[in-house]
Each structure stands twice: as C-alpha cells, then as structure tokens.
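For the numbers below, each heavy atom of this structure counts, side chains included, while hydrogens, waters and symmetry mates do not. Here the structure is a predicted model, which means the values were calculated and not measured.
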Amino acid sequence: MRLLITGTAGFIGYHLSKTICQQNTDLELYCLDNINDYYDTELKFSRLDDLGFKKELISENNFIPSQKYEKLYFYKCDLENRENIKRIFHEYRFDIVCNLAAQAGVRYSLQNPYTYIDSNISGFLNILENCRNFNVKKLVYASSSSVYGNSDNEVFKTSDRVDNPISLYAATKKSNELMAYTYSHLFNIETIGLRFFTVYGPWGRPDMAYYSFTNSILQDKPIKVFNNGDLARDFTYIDDIVEGIRRIIFAPLQEKKYSIYNIGNGKPVNLLEFIQVIESELNKEAIKEYVPMQPGDVSTTHADVTDLENFVNYKPKTSLQEGIRKFIGWYRDYYKS
C-alpha cells in the first residue's frame with residue numbers, strides 16, 4: 001500500500017509520519033512539504049532530519065529516500081503546483097492520502113490572506129482533483145475547530161451549524177469541508193475531515209501560546225494574556241492526535257463517503273490555569289500582560305468526540321500536566337536552555 005502525507009515538515013505531519021514508520025512497516029510512505037517560512041524553517045528541517053532527510057539532500061525535483069526509515073520518501077513541493085502534484089499522483093498511484101499541509105494561524109490570516117487561498121483552497125483543490133483522477137480510495141484531511149467560530153454551544157458537535165467563521169483561516173477550513181463533500185458526492189471518494197482542537201507537544205509550532213509562553217518565561221519577558229485570561233481551550237496532546245489520525249487512516253472503508261470528526265481532548269482548560277501548569281513545570285512565574293481579545297479568536301473551545309470514539313475507539317489519555325512536562329523537557333533539550 002502507498003500512503004501520501006502532506007505537511008510532513010509541520011508539527012502534526014512530522015509526528016504522524018514518524019509513528020506510521022515505526023508501527024506500519026508494511027507500506028510505502030511518501031511525504032510532501034513546501035517548507036515555507038511562516039515560522040523558523042530550521043525547526044522544520046530539524047523535524048525532517050529526525051525522519052532521516054538531510055537538509056542538503058532535499059530535492060524540489062522528486063522524492064528522496066530516508067536515511068533512517070525504509071520505504072519512507074520526501075519531496076519538497078507546493079500543493080498549488082498543479083504540474084508537480086499531478087505528476088506524482090500519476091507516477092506513484094497512492095491508495096490513501098492524508099492532507100495535513102495548510103497555511104496555519106488565525107492571526108496571520110489577517111495580514112496575509114492570499115497565502116491562505118493559495119495553499120488552503122487552490123492546494124486542496126489539487127489534492128481533490130488528483131484523488132479523483134487517480135482513484136485514491138480514501139482522503140483524510142485537516143480541518144480545524146476554528147470553523148465553530150464564537151458558538152453559543154457549550155460543547156462543539158459536528159452536527160452544529162458552522163456558517164459563521166470569524167477568521168479567513170476558519171473560512172478556508174470550512175471551504176475544504178464543502179469541497180470534500182462535493183467530491184465525495186460526485187466521484188464516490190471517501191473523505192474524512194478532522195477538526196483539530198489546540199494541539200500541543202514536543203516539536204510544536206513556535207507561534208502557539210504554550211510554546212511562546214515557555215520561551216518568554218525562560219527569558220523573563222512578559223506574556224500576553226488575551227481577553228484578560230477569560231479564555232478556555234480544549235488542549236490536546238500530539239500523541240493522542242496522532243493515534244486518532246492513524247486509526248482513521250487504516251480503518252476499513254466506510255459505506256458513508258463523507259465524514260467530519262472532532263479530534264480533541266474533550267476537557268477545556270482555562271487560560272490562566274494553563275499558564276499555571278507551565279509555570280509549575282518551569283518552576284518560574286510568568287510576567288503577565290493582560291490584553292483584550294485578538295480579532296479572529298474565540299473565547300472557548302470544547303470538543304465532543306463521541307462520534308470518533310465510536311468509529312475508531314479513540315479516546316485521548318494524556319493529562320495536561322504530563323503533556324506540558326514532555327513539551328518542556330523537549331524544549332530544554334532542543335534549545336539547550
């Protein structure tokens with residue numbers, strides 16, 4: 001079997017690729033990423049290096065083999081590059097595609113909207129078209145909890161209406177779900193969208209709060225506490241996220257061709273409590289700067305993961321304290337701090 005994962009230099013894509021290489025050795029795994037400079041590219045290259053891809057060998061012409069894992073290959077490529085994406089689908093005939101590549105970040109979308117359209121809309125269309133034209137059996141793709149906007153519901157369910165995104169990033173993710181539905185309906189492709197809820201852990205994204213908080217606290221810099229701390233997030237540890245995705249990828253094909261699942265912890269944590277956990281693990285108090293809500297942010301996220309648990313027996317098990325401890329251990333090791 002041949003599996004394609006896009007976004008492999010990214011946080012979730014890296015962890016998923018590594019886990020599959022370690023647990024599912026009977027398949028060929030092909031990985032894509034454009035290694036853009038939304039955040040520090042050296043972190044992305046470090047992730048790829050851990051997968052066995054040396055920076056100086058990475059190619060924009062074709063897949064290169066991993067020096068660490070058998071049957072693992074990487075190719076630097078933009079999703080919106082029609083010619084290249086079509087060529088690799090034609091040449092390698094993937095059975096399953098997991099599309100995690102996307103321009104991330106709610107706040108960044110306020111300043112760089114065209115980047116989101118290029119990657120999240122045009123790039124996703126390329127994936128859909130090639131899944132259609134080259135008989136891909138299943139497409140699993142990243143959506144986001146941001147599609148819920150400022151929902152009045154205490155718990156977010158996939159049956160909720162999500163017609164009012166409050167950021168362009170959220171709008172592109174909702175668009176992905178609509179596009180996937182159309183291709184499932186018209187071309188009988190199984191598509192499964194995953195609404196991720198605030199993923200955190202080792203090798204994470206530097207623009208995420210837990211990462212920037214840790215960095216600022218260690219450097220005695222103030223941290224910005226948005227909405228004066230009156231925020232709550234459904235923080236979900238990376239290993240739990242990856243296990244959920246892995247089970248979905250390898251689950252038997254369903255009769256229902258279009259599905260959306262929440263993939264989160266199901267236990268929202270107040271922002272101030274979250275900061276306290278980081279302070280406790282660092283044994284150092286943060287200098288807090290209380291500021292208003294940022295445009296595009298939501299006050300609370302809370303995932304109902306009942307459907308996903310019923311589908312693949314998925315249930316997160318990592319506590320916030322354990323997850324933050326593992327992240328900070330990695331952070332200190334990576335940055336020698």
Side-chain angles (χ1 to χ4, degrees), residues 1-7 12 16 32 79-82 85-86 88-90 92-103 116-149 151 153 156-165 167-197 244-264 303-312 314:
M1 189 175 77
R2 286 180 170 174
L3 168 64
L4 172 67
I5 296 178
T6 71
I12 300 175
L16 178 64
L32 291 182
L79 286 192
E80 56 266 36
N81 187 321
R82 291 189 194 179
I85 296 297
K86 182 178 180 180
I88 65 168
F89 269 79
H90 177 266
Y92 293 96
R93 304 287 170 158
F94 306 112
D95 298 290
I96 299 174
V97 173
C98 181
N99 184 58
L100 300 176
Q103 179 57 61
Y116 289 77
I117 300 303
D118 291 342
S119 179
N120 300 6
I121 302 298
S122 298
F124 189 61
L125 178 60
N126 275 348
I127 294 294
L128 286 168
E129 269 292 282
N130 285 286
C131 286
R132 164 198 177 186
N133 291 328
F134 296 102
N135 300 314
V136 171
K137 298 181 179 71
K138 181 193 294 186
L139 169 63
V140 180
Y141 64 94
S143 186
S144 169
S145 62
S146 66
V147 301
Y148 290 103
S151 173
N153 297 329
F156 298 171
K157 299 181 179 181
T158 55
S159 57
D160 296 345
R161 292 186 66 89
V162 288
D163 298 330
N164 299 292
S167 70
L168 181 63
Y169 170 68
T172 63
K173 288 302 182 179
K174 173 60 178 175
S175 298
N176 287 171
E177 295 178 0
L178 294 170
M179 294 162 71
Y181 178 85
T182 302
Y183 274 71
S184 290
H185 174 72
L186 291 175
F187 308 116
N188 204 35
I189 302 168
E190 181 176 358
T191 66
I192 301 176
L194 302 177
R195 293 175 178 171
F196 295 124
F197 281 72
I245 303 171
R246 193 189 67 80
R247 293 186 188 195
I248 289 165
I249 287 173
F250 297 108
L253 295 175
Q254 301 180 91
E255 289 186 17
K256 183 175 71 170
K257 292 302 179 183
Y258 174 81
S259 304
I260 298 287
Y261 295 102
N262 287 334
I263 182 162
D304 179 338
V305 294
T306 305
D307 290 345
L308 190 56
E309 187 176 347
N310 291 337
F311 176 34
V312 290
Y314 164 87

TODO: Please confirm whether R195 makes a cation-pi placement over F156, using NZ or CZ under 6.0 Å from the six-membered ring centre and within 45° of the ring normal.
DONE: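 Not flagged: R195 not positioned over aromatic ring of F156.
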Task: Cation-pi geometry met for R132 and F187 (6.0 Å, 45°) - done: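 Verdict for F187: a cation-pi partner in R132.
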I'd like to check [X] versus [Y] (side-chain heavy atoms, cut-off strictly below 4.5 Å). Are they in contact?
X    : Y    : result
T172 : I117 : yes
F124 : T6   : no
I88  : N130 : no
L4   : Y92  : no
N126 : E129 : no

Open item on the list: Working to the nearest 0.5 angstrom, can you tell me the gap between S122 OG and N81 CG?
Closed with: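 S122 OG to N81 CG: 12.0 Å, rounded to 0.5 Å.
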Task: Pairwise distance OG(S159) to CD1(I260) - rounded to 0.5 angstrom - done: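 Answer for the OG-CD1 pair, S159 versus I260, is 12.0 Å.
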How close do [X] and [Y] get, heavy atom to heavy atom, and via which atoms?
X    : Y    : answer
A101 : L79  : CB-CD1, 3.7 Å
R246 : L16  : N-CD1, 4.2 Å
A171 : P165 : N-CB, 3.7 Å
G264 : Y314 : O-OH, 3.6 Å
V97  : C131 : CG2-SG, 4.1 Å
K173 : A142 : NZ-O, 2.9 Å

Open item on the list: Under a 3.5 Å distance rule, please check whether S143 uses its side chain to pair with a backbone N or O of G193 as donor and acceptor.
Closed with: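 Not a single qualifying donor-acceptor pair exists.
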Task: D307 side chain to Y261 backbone, donor-acceptor under 3.5 Å - done: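 No, because the side chain of D307 does not come within donor-acceptor range (under 3.5 Å) of the backbone of Y261.
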Pairs under 3.5 angstrom only: tabulate donor-acceptor contacts from the side chains of residues 248-259 to other protein residues two or more places apart or in another chain.
from : atom 1 : to   : atom 2 : distance (Å)
Q254 : NE2    : E190 : OE2    : 3.0
Y258 : OH     : E177 : O      : 3.2

- [ ] Please work out whether the ring planes of H90 and F134 are parallel, tilted or perpendicular, with thresholds of 30° and 60°.
- [x]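 Geometry flag for F134 against H90: perpendicular rings.
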- [ ] Kindly determine whether I85 and L32 satisfy side chain to side chain contact (heavy atoms under 4.5 Å, CB included), including the steps that lead there.
- [x] CA-CA 10 Å; I85 296 297; L32 291 182; 3.9 Å; yes
Open item on the list: Assess the residue pair N176 and I121 against the criterion (side chain to side chain contact (heavy atoms under 4.5 Å, CB included)); give the C-alpha distance rounded to whole Å, side-chain angles, the decisive distance to 0.1 Å, and a yes or no.
Closed with: CA-CA 7 Å; N176 287 171; I121 302 298; 4.2 Å; yes
Task: Neighbour count above 12 (heavy atom, 6.0 Å) for R82 CZ - done: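 Atom CZ in R82 is not crowded, with 12 or fewer foreign heavy atoms closer than 6.0 Å.
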Open item on the list: For N262 and T158, which I'm curious about, is there any donor-acceptor pair between the side chains at under 3.5 Å?
Closed with: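 Distance-only check fails for N262 and T158.
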- [ ] Show your reasoning for whether side chain to side chain contact (heavy atoms under 4.5 Å, CB included) applies to Y148 and N153.
- [x] CA-CA 9 Å; Y148 290 103; N153 297 329; over 6 Å; no
Open item on the list: Between Y141 and I127, is the side chain to side chain contact (heavy atoms under 4.5 Å, CB included) condition met? List the steps.
Closed with: CA-CA 10 Å; Y141 64 94; I127 294 294; over 6 Å; no
